[in-house]
Amino acid sequence: TEDSHWCYEIQAKEPNSHCSGPEQWTGDCKKNQQSPINIVTSKTKLNPSLTPFTFVGYDQKKKWEVKNNQHSVEMSLGEDIYIFGGDLPTQYKAIQLHLHWSEESNKGSEHSIDGKHFAMEMHVVHKKMTTGDKVQDSDSKDKIAVLAFMVEVGNEVNEGFQPLVEALSRLSKPFTNSTVSESCLQDMLPEKKKLSAYFRYQGSLTTPGCDETVIWTVFEEPIKIHKDQFLEFSKKLYYDQEQKLNMKDNVRPLQPLGNRQVFRS
Ligand SMILES: Nc1nc(-c2ccc(Cl)c(S(N)(=O)=O)c2)cs1
Ligand SMILES: [Zn+2]
């Protein structure tokens, strides 16, 4: 399908590249409720319904499957990990987490907050859990809920990130798989009490087909990792089999907010 040839700008501008960069992405990528966006905090609207989340199974210790899917490093979740609360219509089951990054710490996140980009952005992708026979109409706007965490670099090692960082050298080539050592999602996130402050808006996948079916939650509290942990991603991972193009800048350009309102908890 044309999606298998989509790529980021850094790949598209390579001499004799045959992939389609963000300006050529198809599907819903040219519609008007796209992600990511710049969040102008002074224009966000307080929404008291945006209560804290309940995270179920985020403390489950497991040797998670990870893979280099040629666009990012992706950790498969599933099983019994899910969220509810956060003004979501029902509970949402965790499917996978992946990240976007650069090699400079002031760009690399997909969303920006008051124009500030972070070093990385971690996305925990959840799918709406339909109870019993209820069928999801195909274009429903809330099929997916992504929890987005900004990642800042500092000089403190983030122990919770180590299992993933240590697996990266086993994932250099695209379409390679591995497992991380025993770890849990919760250890990668900011402490729970800091997760009640977040932004909320209606948007899309930031990768083709850019389906406008995502309820976005962008947490205010960033994850902090050591600079060396951060640099491992662009050092160890490659976009291509020949290992000539380091995987970095897997970041979609900012999209127009249009007439959408961004809410805050
Ligand atoms: N092949 C790939 N798919 C994705 C993906 C899948 C689902 C979603 Cl929701 C997203 S995102 N960045 O909008 O969170 C990315 C990444 S790489
Ligand atoms: Zn993502």
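Read the numbers this way: they start at 1 and go in the same order the structure lists the ligands and their atoms. The model shown is predicted, which means the values in this text are computed figures rather than measured ones.
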Whether Q70 lies under 4.0 Å from ligand 1, heavy atom:
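No, that is not the case, since the closest heavy atom of the residue is not under 4.0 Å from the ligand.
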
Do the ring planes of [X] and [Y] sit parallel (below 30°), tilted (30 to 60°) or perpendicular (above 60°)?
| X | Y | answer |
| --- | --- | --- |
| F219 | F55 | tilted |
| H123 | H111 | perpendicular |
| W216 | Y201 | parallel |

Part of T207 within contact of ligand 1 (heavy atoms, under 4.0 Å)
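The part of T207 near ligand 1 is the side chain, not the backbone.
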
Which residue and heavy atom of the protein sit nearest [atom], plus the separation:
| atom | result |
| --- | --- |
| atom 12 (N) of ligand 1 | T206 OG1, 2.7 Å |
| atom 9 (Cl) of ligand 1 | V146 CG2, 3.6 Å |
| atom 8 (C) of ligand 1 | L205 CG, 3.8 Å |
| atom 6 (C) of ligand 1 | Q96 NE2, 3.6 Å |
| atom 1 (N) of ligand 1 | H71 CD2, 3.6 Å |
| atom 17 (S) of ligand 1 | N69 ND2, 3.5 Å |

Identify the residue among K141, K30, K143 that makes a salt bridge (Lys or Arg N to Asp or Glu O under 4.0 Å) with E212.
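Among K141, K30, K143, the one meeting salt bridge (Lys or Arg N to Asp or Glu O under 4.0 Å) with E212 is K141.
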
ND1 (H123) - the Zn ion (ligand 2) - NE2 (H98) angle, nearest 10°:
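For ND1 of H123 and NE2 of H98, the angle centred on the Zn ion (ligand 2) reads 110°.
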
Ring of F233, cation from K235 - is the NZ or CZ under 6.0 Å from the centre and inside 45° of the axis?
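Checked: cation-pi criterion not met.
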
Got an N/O contact under 3.5 Å between [X] and ligand 1?
| X | value |
| --- | --- |
| H123 | yes |
| E74 | no |
| H98 | yes |

Any chain of hydrophobic side-chain contacts (each under 4.5 Å) joining L185 to V151?
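Linked within one cluster.
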
Should F199 and L205 be regarded as members of a common hydrophobic cluster, given that ILVMFWY residues are connected when their side-chain heavy atoms come within less than 4.5 Å of each other, either directly or indirectly?
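Same cluster: F199 reaches L205 through Ile, Leu, Val, Met, Phe, Trp or Tyr contacts under 4.5 Å.
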
May I ask you to say whether E103 pairs ionically with K248, meaning some side-chain N is under 4.0 Å from a carboxylate O?
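Here E103 pairs with K248 in a salt bridge, since their nearest N and O are under 4.0 Å apart.
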
Exactly one of Y82, Y198, F84 should register a ring-ring contact (aromatic ring centres under 6.0 Å, His included) with F53. Which one does?
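Of the listed options, the one satisfying the test is Y198.
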
Identify, by atom number and element, the atoms of ligand 1 in contact range of W216, meaning under 4.0 Å from any of its heavy atoms.
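It comes down to these atoms of ligand 1: 13 (O), 14 (O).
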
Distance filter under 4.0 Å to H100 heavy atoms, resulting ligand 1 atoms
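What qualifies from ligand 1 is 12 (N).
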
